[in-house]
Amino acid sequence: MKPLSDTRWESRINSVKVVRFQTEQIYNALIKLSEVENIDAGTRHEAVSLADQLTDFKFLISLVVWYDILFQVNLVSKSLQAKAMDLINGSNMLKSTLEFIKNYRDQFDQFLVKAKAIADELGVDSEIKVVRKRIKKKNFDYERSDDTDHRTAVEKFKHEFFYTLMDVVTTSLTDRFEILKIHVDLWNVLYDFKNAPENENELLKHCMDLHNYLKDGSDSDIDGVELCTEIVNVKQLLISCLDVSSPLNILQYIFDYELQDIFPNLWIALRLLLTLPVTVASGNDNWETWKFQIKVIMTAADIFDVVTGASKKPVLTKLISETEDEARKRYGVDYSIFKKADNKAQNYIVTSSVTLIQQKFYSYVKNPDDNMAIHISKLESLSRKLKQLGEPISDSMLMTKILMTLPENYKHFYSA
């Protein structure tokens, strides 16, 4: 069994996979462990508790659901990391996964069947245990209200766990898809010349969008009108002799045959496309402008050389004119200076991340298109990120933020 990793989806799916397909073996191992005579009481109690948890039907259902979801997410994650992955295909794959999750929402009965199969292997009941709700005594008639939950245990579990989980996963994937879609929609015309718009007006519109995106004041890296003409010409020239579905092939052809002066705008656009850092969070700002701003900020904080690797960790070496003691003393001084700068850089990066997420949390407003489950999950996600960075948001503050961002038709939730 592998431990859970907070960063690698592959580790997550491998952790769940073992329990998903070896539930019976793990259960038997826990029971055997609890029956060992010379085992201490704490270990025996933990083994019995874990074995009991494995036989909980709600746990078995969640195990089936989580494995299916993590399998799909890990598949996309691994594919997007491939060097040969085209971002259009990556965007389509992410879109397909999003559709899969949305359709998955209607397949709860199938998960019950799979979970019951595991329960049968374990020889345990395949029913969700009903937890009795404590009824508070009412002394006056006006205090009484019909707040009884008439849903079955299965329906309650479906709404409180399954639907909530689907909303959170859908929100997370939608955010990633929308960021990637912004990039693909903007650069799509350069990804596959074979499928570029045949209508020249439509092609011109795409080129002008790219022109405006790469614009800084009155200056632009390319001319949209000229780029449109160059794409039409290069498409006619190369479509019969070259795979024009790959922008790298086009760029290589222009370079090999020294056609930079004939296709100057296409030359620039393709180089920008193939070196573009897609991981930039917003996906909207000009890359050169963003790079310049970051460089200025890091230079002002005196951490630029450390972050870029120009300032390297010192290595103990002895110069010809030095003794061993002098070399060690010089190394100690150099290492102390480097360590101080490195700690400053790490602290600055973490502090900046905290500040950005805090700003996003406190300025967050509800998206009119989000339902309440998605709205709350987004705020909880920001809260979890701050907790991981060592700046946790208290439960009362999170609840206050949720209440303050409720739309008008939810205002009755406020209490005096």
Side-chain angles (χ1 to χ4, degrees), residues 1-23 26 54 57-119 121 154 157-185 191 278-279 281 283 367 369-371 373-378 380-382 384-385 388:
M1 296 179 65
K2 294 187 177 182
L4 175 66
S5 168
D6 290 333
T7 56
R8 293 181 62 85
W9 284 108
E10 186 176 7
S11 296
R12 290 172 179 263
I13 184 63
N14 288 338
S15 299
V16 176
K17 182 179 180 179
V18 175
V19 185
R20 167 68 177 85
F21 293 104
Q22 300 181 36
T23 313
I26 295 173
L54 280 176
F57 192 55
K58 289 196 293 185
F59 172 79
L60 297 179
I61 298 174
S62 63
L63 186 63
V64 172
V65 173
W66 267 118
Y67 176 76
D68 287 353
I69 291 175
L70 289 175
F71 181 85
Q72 292 294 327
V73 173
N74 182 58
L75 178 62
V76 177
S77 178
K78 295 283 286 184
S79 299
L80 290 176
Q81 294 173 35
K83 292 182 179 180
M85 170 56 68
D86 183 280
L87 283 179
I88 291 183
N89 292 330
S91 177
N92 292 335
M93 182 175 285
L94 196 57
K95 183 179 180 181
S96 298
T97 303
L98 190 57
E99 291 298 325
F100 168 83
I101 295 299
K102 290 179 179 179
N103 294 332
Y104 199 77
R105 188 185 182 94
D106 301 324
Q107 301 175 15
F108 185 76
D109 291 340
Q110 296 182 21
F111 312 139
L112 289 180
V113 174
K114 294 179 181 179
K116 286 179 180 179
I118 300 176
E121 292 179 359
V154 173
F157 179 74
K158 182 196 295 187
H159 284 82
E160 294 181 354
F161 166 75
F162 181 68
Y163 285 164
T164 302
L165 175 62
M166 290 299 100
D167 288 337
V168 172
V169 174
T170 301
T171 301
S172 179
L173 288 176
T174 300
D175 290 343
R176 286 162 174 75
F177 173 70
E178 288 177 350
I179 291 173
L180 189 58
K181 187 174 182 297
I182 291 172
H183 170 84
V184 171
D185 288 346
Y191 271 116
V278 184
T279 53
N367 187 326
D369 296 330
D370 292 344
N371 59 36
I374 292 178
H375 171 59
I376 294 173
S377 70
K378 286 183 177 179
E380 289 178 337
S381 176
L382 293 173
R384 284 194 297 271
K385 289 178 181 178
Q388 292 172 355

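Model, not experiment: these values are computed from the prediction. Note: hydrogens, waters and symmetry copies are ignored here, and every other heavy atom, side chains too, is used.
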F111 and its ring-ring contact (aromatic ring centres under 6.0 Å, His included) partner, picked from Y67, F57, F162: F162
To the closest 0.5 Å, what do you measure between [atom1] ([X]) and [atom2] ([Y])?
X	Y	atom1	atom2	answer
I118	L60	CD1	CG	5.5 Å
I26	F21	CD1	CZ	12.0 Å
K114	R20	NZ	CZ	6.5 Å
I374	N367	CD1	CG	9.0 Å

Would you say the side chain of [Y] lies within less than 4.5 Å of the side chain of [X], judging by non-hydrogen atoms?
X	Y	answer
V64	Q110	no
L54	V19	yes
T170	T174	yes

List the residues meeting side-chain contact (heavy atoms from CB on, under 4.5 Å) with E380, not counting sequence neighbours, and say none if there are none. I376, R384, L398
What residues, two or more places apart in sequence or in another chain, satisfy side-chain contact (heavy atoms from CB on, under 4.5 Å) together with F161? S62, W66, F157, L165
Could you pull out all residues at least two apart from K158 that satisfy salt bridge (Lys or Arg N to Asp or Glu O under 4.0 Å)? E155
Can you list the residues that meet the salt bridge (Lys or Arg N to Asp or Glu O under 4.0 Å) rule with K181, with sequence neighbours excluded? D185
Could you pull out all donor-acceptor pairs under 3.5 Å where a side-chain atom in residues 92-104 meets a protein atom, sequence neighbours excluded?
residue	atom	partner	partner atom	Å
N92	ND2	I88	O	3.2
S96	OG	N92	O	3.0
T97	OG1	M93	O	2.9
N103	ND2	E99	O	3.2
Y104	OH	D68	OD2	2.8

Criterion side-chain contact (heavy atoms from CB on, under 4.5 Å) on L112 and D109, from CA distance to verdict: CA-CA 5 Å; L112 289 180; D109 291 340; 4.2 Å; yes
Using the side chain to side chain donor-acceptor pair (under 3.5 Å) criterion, which residues pair with K378? Sequence neighbours excluded. D370
Please enumerate all residues that pass ring-ring contact (aromatic ring centres under 6.0 Å, His included) together with F59, with sequence neighbours excluded. none
May I ask you to check whether Y163 and F108 place their ring centers less than 6.0 Å from one another? no
